[in-house]
Amino acid sequence: MSERQTIFEAIGGIDQVDALVDRFYDLMDLEPQYKELRAMHAPDLSNSREKLKFFLTGWMGGPDIYSPKYGYPMLRARHLPFKIGLLERDQWLACMYQAMEECGIEGNVAKQLEESFFNTANWMRNQPN
């Protein structure tokens, strides 16, 4: 990834963000090791998929398509109704890292994303464990 290239561009743009988010939610739905994470979501994941696709697009340096539709992200505030502890954080990260690997996101860009995802997921914790 060059210094001028965003993560969004480095991973392949909107098509790769869509693939990543779709694989993330597919894994969450299919794999028993993510059952607690899955239980925090509505039966229909369509809305969650759209919101995460829109959010990640801008968060990775692509166009801001989240805010015009949903307002300022306010991630932590929007997630406060959910109990997020170490288990939930770790399941979210494991599911996302697996989706990244299966989508072919690797190398330096994967390391940058993994670090950013960890920092964000850890900040989202609202349980003392």
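Positions are given from 1, in the same order as the sequence printed here. This structure is a prediction, so every number in the text was calculated from the model and none was measured.
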For the hydrophobic clusters of this structure (ILVMFWY residues joined by side-chain heavy atoms under 4.5 Å, transitively), does one cluster hold both W123 and L113? yes
Within the structure provided, determine whether M100 and E114 are in side-chain contact (heavy-atom separation under 4.5 Å). yes
How far does CD of E115 sit from OG1 of T120, to the nearest 0.5 angstrom? 10.0 Å
Suppose we call two aromatic rings close when their centres sit under 6.0 Å apart. Are Y66 and W59 close by that rule? no
Residue pair D29, Y25: steps toward the side chain to side chain contact (heavy atoms under 4.5 Å, CB included) verdict: CA-CA 6 Å; D29 220 16; Y25 282 109; over 6 Å; no
Within 6.0 angstrom of E102 CD, more than 12 heavy atoms from elsewhere: yes
Could you pull out the closest heavy-atom pair between A110 and I105, with the gap in Å? CB-O, 3.5 Å
Any idea which heavy atoms bring F8 and I14 closest together, and the distance? CZ-N, 3.3 Å
Minimum heavy-atom distance between V17 and M60, given as atom pair plus value: CG2-SD, 4.1 Å
Out of curiosity, N108 CG to E106 CD, how far, rounded to the nearest 0.5 Å? 11.0 Å
Distance-only, no hydrogens or angles: does the N129 side chain make a donor-acceptor pair with backbone N or O of L86 under 3.5 Å? yes
Start with the C-alpha gap between K69 and E50, add the side-chain angles, then the distance that decides, and say whether salt bridge (charged side-chain N to carboxylate O under 4.0 Å, His left out) holds. CA-CA 11 Å; K69 185 167 185 176; E50 178 179 281; 2.9 Å; yes
Output for pair (D90 CG, Y97 OH), nearest 0.5 Å, gives 9.0 Å
State whether the side chain of R78 and the backbone N or O of P73 hold a donor-acceptor pair below 3.5 Å, judged by distance alone. yes
Output the distance between atom SG (C95) and atom CG (L27), rounded to the nearest 0.5 Å. 5.0 Å
Mind checking whether L93 and Q98 have side chains closer than 4.5 Å, heavy atoms only? no
H41 side chain near M28 side chain, heavy-atom distance below 4.5 Å: yes
Against the six-membered ring of Y70, is K51 placed for a cation-pi contact (under 6.0 Å from the centre, within 45° of the normal)? yes
Considering only heavy atoms from C-beta outward, does the side chain of M40 approach that of E88 to under 4.5 Å? yes
K35 and Q91: which non-hydrogen atoms are nearest, and at how many Å? N-OE1, 4.0 Å
Could you tell me whether the side chain of H79 reaches within less than 4.5 Å of the side chain of L75, counting heavy atoms only? yes
Taking all heavy atoms of R23 and all of L30, pick out the closest pair and write down the distance. NH1-CD1, 4.5 Å
One should read off an interatomic distance between D22 CG and F24 CZ, to the nearest 0.5 angstrom, of 11.5 Å
Under-4.0 Å salt bridge between D26 and R49: yes
Under a 4.5 Å cut-off applied to non-hydrogen side-chain atoms, are Q112 and I7 in contact? yes
Starting from the C-alpha separation in whole Å, work towards a yes-or-no answer on side chain to side chain contact (heavy atoms under 4.5 Å, CB included) for R89 and F118. CA-CA 8 Å; R89 177 202 69 186; F118 176 83; 3.9 Å; yes
Ionic contact status for E31 with R38, cut-off 4.0 Å: no
Measuring only between side-chain heavy atoms, which start at C-beta, is M96 closer than 4.5 Å to L52? yes
Find the distance between NZ (K53) and OG (S48) and round it off to the nearest 0.5 Å. 11.5 Å
Specify the closest pair of heavy atoms between V109 and A10, including all atoms of both residues, with the distance to one decimal. CG2-CB, 4.0 Å
Does the side chain of L56 come within less than 4.5 Å of F117's, by heavy atoms? yes
